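Worksheet: one structure, shown below.
In what follows, chains are A, B, ... by sequence order, proteins preceding strands, each numbered from 1. What you are looking at is a predicted structure, and each value in this text was computed from that prediction instead of being measured.
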Number of protein chains: 2
Amino acid sequence: MSEVAEKFARLTPVPAYQMVAEAIEREILSGRLRPGDPIGTEAQLVRQFGVNRSTVREGIRLLEQSGMVQRDSSRRLAVGLPHYDQLATRASRALILHQVTFRELWEATMALSLATIDFAVERATEEEIAVLEANIDATEAAIDDPAAVAAYDSEFHVMLEKTARNRVLELAREPSNMLIYPTTHVAVQGTEQGARRLVEAHRMLVQSLKLRDKELGQLWTRRHLNDWRKGFERGGNDLDQPVDLVTAPSATA
Amino acid sequence: MSEVAEKFARLTPVPAYQMVAEAIEREILSGRLRPGDPIGTEAQLVRQFGVNRSTVREGIRLLEQSGMVQRDSSRRLAVGLPHYDQLATRASRALILHQVTFRELWEATMALSLATIDFAVERATEEEIAVLEANIDATEAAIDDPAAVAAYDSEFHVMLEKTARNRVLELAREPSNMLIYPTTHVAVQGTEQGARRLVEAHRMLVQSLKLRDKELGQLWTRRHLNDWRKGFERGGNDLDQPVDLVTAPSATA
DNA sequence: GGCGCTATGATTGTCGGACAATCCGACCCG
DNA sequence: CGGGTCGGATTGTCCGACAATCATAGCGCC
């Protein structure tokens with residue numbers, strides 16, 4: 001909006017491989033190619049676009065990583081539904097490169113979790129509640145193993161997001177999750193009885209779903225995240241340090 | 001967690017071009033290569049990895065789109081800081097492919113906006129408030145041009161996010177923004193005096209920053225988004241229709 | 001000495017062709 | 001019908017080549 005009117009647009013000769021990628025992308029986004037549909041073979045694309053196979057291959061690679069095309073069984077390429085994990089992985093790496101702090105992560109997670117619990121309280125079904133409770137039981141059974149507790153905790157929150165039935169929120173949360181949850185085992189160890197508090201919080205969250213009590217859900221979401229924060233700090237970490245691969249090792253996977 | 005123990009892990013021979021990409025990515029994420037650093041020339045990479053140039057090029061393409069490597073001036077490749085726009089573009093396209101509904105978008109935006117306004121109220125500086133007010137004045141001056149109003153509105157909210165000083169939240173919001181704001185001009189036209197209500201909401205939001213009044217900020221954030229919703233529906237749209245390129249045309253850019 | 005122009009080498013983008021490994025499908029056999 | 005074999009198709013990788021473009025070092029001119 002506030003840019004000066006420029007005489008000439010920037011000349012950017014677009015490489016052929018980019019044009020190939022964009023052409024395929026257009027087909028996908030327009031709906032003419034639907035997820036699951038096979039993209040032609042490389043030879044076909046060569047004929048259609050009139051470029052060399054190397055060029056076609058480079059174009060395909062551009063789309064491959066974002067999940068817009070996937071390698072089918074064997075190695076054939078097909079249109080893919082980008083899964084959130086892939087996008088979230090990219091996003092979380094970007095956050096690392098931008099050196100965001102754990103504080104930012106924590107603040108955002110708090111906001112998103114509060115929204116999530118609200119919708120989950122509205123929409124949770126009996127089955128979902130049962131599955132969540134099963135997860136809590138499993139967590140309790142493994143309560144002396146911080147790594148297992150962290151894994152169950154991560155699973156619990158993923159399931160909770162699903163019950164909120166909002167995929168936009170789900171996608172928005174995932175990058176933070178990928179960076180925060182790897183630190184849970186640290187946080188759980190940091191607090192005396194940390195794992196037990198975690199289990200208690202989960203139980204109360206599920207309770208809020210049962211009672212359809214948003215206040216309760218929000219209360220325990222806050223407590224749960226505050227616990228994480230205290231544990232994180234007690235573990236010798238500073239909330240204002242940038243997220244990195246050392247403290248968030250699983251982001252490399 | 002709940003998967004059956006399987007005898008053998010899946011055999012996935014990793015293509016060389018992927019290994020090239022992963023190797024470069026590791027260097028970047030580990031910090032040995034920093035944003036701005038030039039990646040070697042293709043010939044160098046050929047020597048280092050011991051593969052053909054075509055292979056190296058395919059590997060580079062994998063990283064190019066996510067913004068992890070960028071074309072410097074000229075065409076030289078350098079390590080890039082992935083900008084949120086790029087990630088958000090990917091993400092918003094994924095949302096389209098997943099056929100998320102405007103309702104999901106609206107719900108998520110509401111939650112994120114409420115969090116944003118809270119932090120903005122805490123952290124806004126005099127300068128930022130002045131810039132926001134300038135934007136509102138400009139909006140008011142163009143109040144009869146729905147497209148311009150929509151553009152200023154988008155700019156306003158981007159600036160508001162900056163004042164919240166939470167990059168995680170910023171990144172989380174962006175995909176929704178990219179899909180929602182293109183519909184603003186529709187929503188503004190739908191409501192009688194829609195543009196004026198929009199300006200009023202913006203003014204009150206800035207007012208809340210000045211007074212450091214979170215309640216006021218939340219109130220007007222809700223009103224502002226409810227206005228969008230009403231306008232959207234009055235424009236003949238259904239909140240439960242999936243987001244697509246027709247209603248969100250700028251996502252193609 | 002500073003500035004603009006040019007020549008030279010380096011680098012990228014694109015092309016053509018080639019080959020091994022693998023996959024798919026058809027076919028055959030017990 | 002299950003299992004093995006064979007041939008074509010497809011991908012992954014390599015090699016070599018060339019035009020266009022960029023970077024840089026000189027070189028001449030003021």
query = Donor-acceptor pair under 3.5 Å: do we get one between A:R53's side chain and the base of D:dG12?
reply = yes

In whole angstroms, the gap separating P of D:dC14 from CE of B:M19 amounts to 11 Å

Winner on side-chain proximity to A:R71, out of D:dC14, C:dT11, D:dG12, is D:dG12

Looking only at D:dG12, D:dC14, C:dG13, the nucleotide nearest the A:P15 side chain is C:dG13

- Item | Residues A:R167 and B:T101: side-chain donor-acceptor under 3.5 angstrom | no

Q. With the threshold set at 4.0 Å, does a side-chain nitrogen-carboxylate oxygen contact exist between A:E128 and A:K162?
A. no

note: B:Q18, atom CD; D:dG12, atom C1'; distance rounded to Å ~ 12 Å

Review point. In terms of the angle between their ring planes, are B:H157 and B:Y181 parallel, tilted or perpendicular, with boundaries placed at 30° and 60°?
Key: parallel

A:R57 atom CZ is separated from C:dT14 atom P, nearest whole Å, by 16 Å

Under a 4.0 Å heavy-atom cutoff, the residues of residues 35-48 of chain B touching DNA chain C are B:T41, B:E42

Practice prompt. Report yes if a side-chain nitrogen or oxygen of B:T55 is closer than 4.0 Å to either non-bridging phosphate oxygen (OP1 or OP2) of D:dG12; otherwise report no.
Written response: no

| B:L169 versus B:F119: any side-chain heavy-atom pair under 4.5 Å? | yes

Side-chain atoms of A:R61 come closest, of D:dG12, C:dC15, C:dT12, to D:dG12

* For the pair B:S154 (side chain) and B:A150 (backbone), establish whether a donor and an acceptor sit closer than 3.5 Å, ignoring hydrogens and angles. => no

Discussion item. Counting only side-chain nitrogens and oxygens, does B:N52 get under 4.0 Å of the OP1 or OP2 atom of D:dT13?
Written reply: no

Discussion item. Salt bridge or not between B:E64 and B:R57? Use side-chain N to carboxylate O under 4.0 Å.
Written reply: no

In whole angstroms, the gap separating C1' of C:dT14 from CD of A:E58 amounts to 9 Å

Separation of D:dC22 atom C1' from B:R76 atom CZ, nearest Å, is 7 Å

Looking at B:R61 and B:E58, does any basic side-chain N land under 4.0 Å from a carboxylate oxygen?
no

